[in-house]
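Here it is, the structure, as structure tokens.
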Amino acid sequence: MAKEITSRSENYSQWYNDIVLKAGLADHSAVRGCMVIKPYGFAIWEKIQAQLDKMFKETGHQNAYFPLFIPKSFFSKEASHVEGFAKECAIVTHYRLKNDPNGKGVIVDPDAKLEEELIVRPTSETIIWNTYRTWIQSYRDLPILINQWANVVRWEMRTRLFLRTAEFLWQEGHTAHATKQEAIAETEQMVNVYAKFAQEWMSMPVIIGTKSESERFAGAVETYCIEALMQDGKALQAGTSHFLGQNFAKAFDVKFTSKEGALDYVWATSWGVSTRLVGALIMAHSDDNGLVLPPKLAPTQVVFVPIYKTDEELSKISEKVHELKKSLEAKGITTQYDDRDNLKPGFKFAEYEMKGYPVRIAIGPKDLEKGTVEIARRDTLTKQFVNQTEVAEFVENLLNDIQDNLFNKAVNFRTDNTTKVETYEEFKQVLDSKGGFILAHWDGTKETEEVIKEETKATIRCIPLDAISEDGKCILTGKPSNRRVIFARSY
RNA sequence: CGGGGUGUAGCGCAGUCCGGUUAGCGCAUCUGGUUUGGGACCAGAGGGUCGGGAGUUCGAAUCUCUCCACCCCGACCA
């Protein structure tokens with residue numbers, strides 16, 4: 001009764017907000033569009049970070065750090081890049097405050113105007129490529145495989161916790177290569193790393209594909225992405241990997257001498273995922289009782305709740321819990337013991353459901369007598385009694401089951417909400433009735449995509465890499481097409 | 001940024017239209033006691049710049065202006 005959340009069917013976006021706020025993931029802050037990530041939400045991000053960082057290092061990347069500020073002039077060097085970001089940049093114009101001579105408070109000191117304004121990075125290609133120029137002379141200096149964990153700022157008009165905030169945390173990989181082939185291979189490798197992470201750690205199935213020209217990253221030759229389907233039938237772009245060609249090398253004059261002695265521009269990639277993944281995680285699995293987390297990303301996997309009447313009972317239970325905790329921790333399972341004495345078990349049960357702890361273990365006097373515990377799983381909300389001697393092994397298997405079950409459930413949902421259509425009428429009808437991914441033929445032109453977007457708000461999420469080649473006719477123009485693309489309304 | 005709505009104790013709200021004692025209620029908190037296998041109960045206590053600022057007035061949570069934040073719908077968005 002303390003905390004109620006809006007049901008998904010009643011109001012999906014309210015449900016999403018309720019979960020973020022009531023599970024204690026984040027709060028709104030005093031700054032428009034910026035959130036405070038609370039410890040529990042940040043713990044999820046740290047799990048995401050730790051795994052991705054490991055995967056980046058396994059694929060040969062190193063971490064580095066570049067400045068938050070970028071000289072304004074850098075943005076004008078790559079035409080489409082500036083066009084893509086100009087409308088949402090925060091700009092530093094002064095470097096000093098002073099006391100307001102007319103009263104209380106402080107004002108910006110007009111004498112402290114910067115010669116050249118600084119842009120708070122919306123992404124770091126420009127500052128990084130400006131730096132790479134001095135690092136690269138020869139093919140022996142290549143490849144450069146660098147990742148940066150950072151915050152970036154994009155002045156979005158409408159923000160939503162985790163999904164689109166004015167400031168967000170992310171990682172951005174920036175690599176430099178001697179050949180086009182190598183850069184493309186890097187771009188593809190990283191989108192595959194993202195897909196593997198989404199599916200194996202987040203239990204979230206994704207489609208790997210390339211973006212259409214109009215959805216492509218500003219400054220990229222090709223954008224690869226992973227697209228996921230949320231429970232309300234809308235798509236969410238969960239990660240992107242860009243083949244930048246020689247665009248940034250040309251803009252920042254980054255050349256190298258090849259083995260053969262020829263001078264050529266360097267080939268580039270960039271790739272990133274952000275705290276948006278936390279939003280994706282919420283929307284992929286959670287239910288009307290609160291957050292549901294896949295065990296691999298849950299800050300705590302198992303919580304123990306004691307049920308007791310007397311202090312004697314509590315101390316016996318605690319002793320048993322500590323023993324069980326140790327056996328779980330020996331298997332690398334993270335645990336927590338909630339022995340707060342001012343809250344009843346039922347309250348705690350509800351609270352851990354809200355916070356999405358994958359497994360809850362209750363122990364009471366009856367269990368002590370029978371040598372059992374009660375184990376509840378968050379994904380199905382089912383409970384069963386298990387012998388104390390078998391707890392560690394049982395939980396270990398259960399966590400794997402939950403991880404798999406969440407993935408399978410999400411795959412089934414996506415399958416049920418993926419529709420092939422042949423006509424524009426059918427397309428619009430499916431979009432309005434159930435949404436989801438719509439597989440349709442498209443003539444490949446920007447104009448057609450634009451008309452469909454105008455009329456239906458659906459966009460091409462991606463051209464799947466594994467699309468089967470198949471003759472068909474564009475749903476709008478009837479022109480020939482040789483494969484289906486994925487349309488959806490999206491976040 | 002446009003349209004609509006909201007902002008009063010940690011949370012959820014009443015009071016605002018029609019200005020007037022010391023601004024209420026529920027939950028939460030603290031103390032004491034009884035409780036504890038699905039969101040406990042009794043008693044007592046503490047907690048408020050009424051989102052910020054300015055104005056009108058003898059008097060403002062209430063009226064006016066302005067700024068800020070959030071929500072919904074658009075526009076926008078890698």
Side-chain angles (χ1 to χ4, degrees), chain A residues 1-4 6 11-14 16-18 20-22 24 27-35 80-81 83-88 103-105 122-123 125 152 154-161 163-166 168 170 172 210-220 222-227 236-242 244 270-274 276 289-290 305-311 313-314 317 339-354 360-370 372-374 376 381 383 385 453-454 457 459 461-462 490-491:
Chain A
M1 272 181 291
K3 291 177 171 181
E4 298 261 323
T6 308
N11 184 339
Y12 190 84
S13 50
Q14 185 61 51
Y16 174 82
N17 274 322
D18 282 353
V20 172
L21 298 172
K22 292 179 179 174
D27 267 336
H28 296 289
S29 74
V31 184
R32 179 186 183 80
C34 296
M35 64 176 168
S80 62
H81 190 66
E83 204 180 311
F85 289 104
K87 289 170 290 181
E88 52 188 44
K104 44 201 174 327
T123 180
E125 276 78 5
V152 288
R154 295 178 190 178
W155 216 262
E156 301 287 356
M157 289 179 188
R158 188 165 167 195
T159 58
R160 302 196 62 190
L161 293 166
L163 295 175
R164 177 171 290 109
T165 46
F168 56 92
W170 77 344
E172 47 181 327
T210 54
K211 286 290 186 189
S212 63
E213 189 190 336
S214 49
E215 296 279 323
R216 201 174 284 156
F217 175 74
E222 186 80 276
T223 289
Y224 292 72
C225 63
I226 53 171
E227 290 286 326
L236 183 80
Q237 177 178 298
T240 47
S241 181
H242 315 289
L244 302 173
S270 69
W271 29 274
V273 298
S274 71
R276 174 180 250 204
N289 294 305
V305 177
I307 295 158
Y308 60 94
K309 288 190 173 62
T310 64
D311 284 349
E313 273 173 3
L314 177 61
I317 289 166
D339 59 354
R340 288 178 293 177
D341 64 358
N342 57 333
L343 299 169
K344 292 188 67 172
F347 181 92
K348 294 180 184 175
F349 294 170
E351 178 168 293
Y352 292 112
E353 273 161 24
M354 175 69 77
R360 183 184 76 230
I361 301 181
I363 310 186
K366 291 177 207 161
D367 292 302
L368 288 183
E369 230 172 81
K370 293 185 292 181
T372 58
V373 297
E374 184 196 67
L381 293 170
K383 301 187 277 201
F385 288 97
K453 184 180 176 181
E454 278 294 306
K457 289 175 198 143
T459 50
R461 300 321 304 154
C462 71
S490 73
Y491 278 95

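Residue numbering restarts at 1 for every chain, and letters A, B, ... go by the order of the sequence lines. Quick caveat, the model's predicted, so the values are computed rather than measured.
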D367(A) side chain, from C-beta outward: closest of rC73(B), rU29(B), rG37(B): rG37(B)

Could you measure between the two C1' atoms, the one in rG74(B) and the one in rU57(B), and give it in whole Å? 41 Å

Taking rG59(B) as the reference, what is the distance to rU22(B) when you measure between their C1' atoms (whole Å, please)? 15 Å

With sequence neighbours left out, what residues match R160(A) under side chain to side chain contact (heavy atoms under 4.5 Å, CB included)? S13(A), Y16(A), L163(A), Y491(A)

Distance test, side-chain N/O of R158(A) to OP1/OP2 of rC73(B), below 4.0 Å: yes

Answer with base, sugar-phosphate or nothing: what part of the nucleic acid does S13(A) contact at a heavy-atom distance below 4.0 Å? sugar-phosphate

Among rG37(B), rG38(B), rC72(B), the one nearest any side-chain atom of P365(A) is rG37(B)

Just to be sure I understand the rule, does Y491(A) reach a base, reach only the sugar-phosphate, or reach nothing, if contact means heavy atoms closer than 4.0 Å? nothing

Winner on side-chain proximity to K383(A), out of rG37(B), rU36(B), rG38(B), is rG38(B)

Please confirm whether the backbone N or O of F217(A) pairs with a side-chain atom of T223(A), one donor and one acceptor, at under 3.5 Å? yes

Backbone of K453(A) reached by a side-chain donor or acceptor of T459(A) within 3.5 Å: no

Can you tell me, in whole Å, how much space there is between the C1' of rC41(B) and that of rC50(B)? 33 Å

Among residues at least two apart in sequence or on other chains, which ones pass salt bridge (Lys or Arg N to Asp or Glu O under 4.0 Å) with R276(A)? none

Donor-acceptor pair, side chain of K383(A) and main chain of I361(A), under 3.5 angstrom: no

Per nearest nucleotide of RNA chain B, the residue lying toward the 5' end, K366(A) or F168(A), is K366(A)

What's G33(A) touching, base or sugar-phosphate or nothing? Going by heavy atoms closer than 4.0 Å. sugar-phosphate

Watson-Crick or G-U wobble partner of rG2(B), both distances under 3.5 Å: rC73(B)

Distance in angstrom units between N342(A) CG and rC27(B) P, rounded: 16 Å

Among rG37(B), rG39(B), rG38(B), the one nearest A362(A) by side-chain distance: rG37(B)

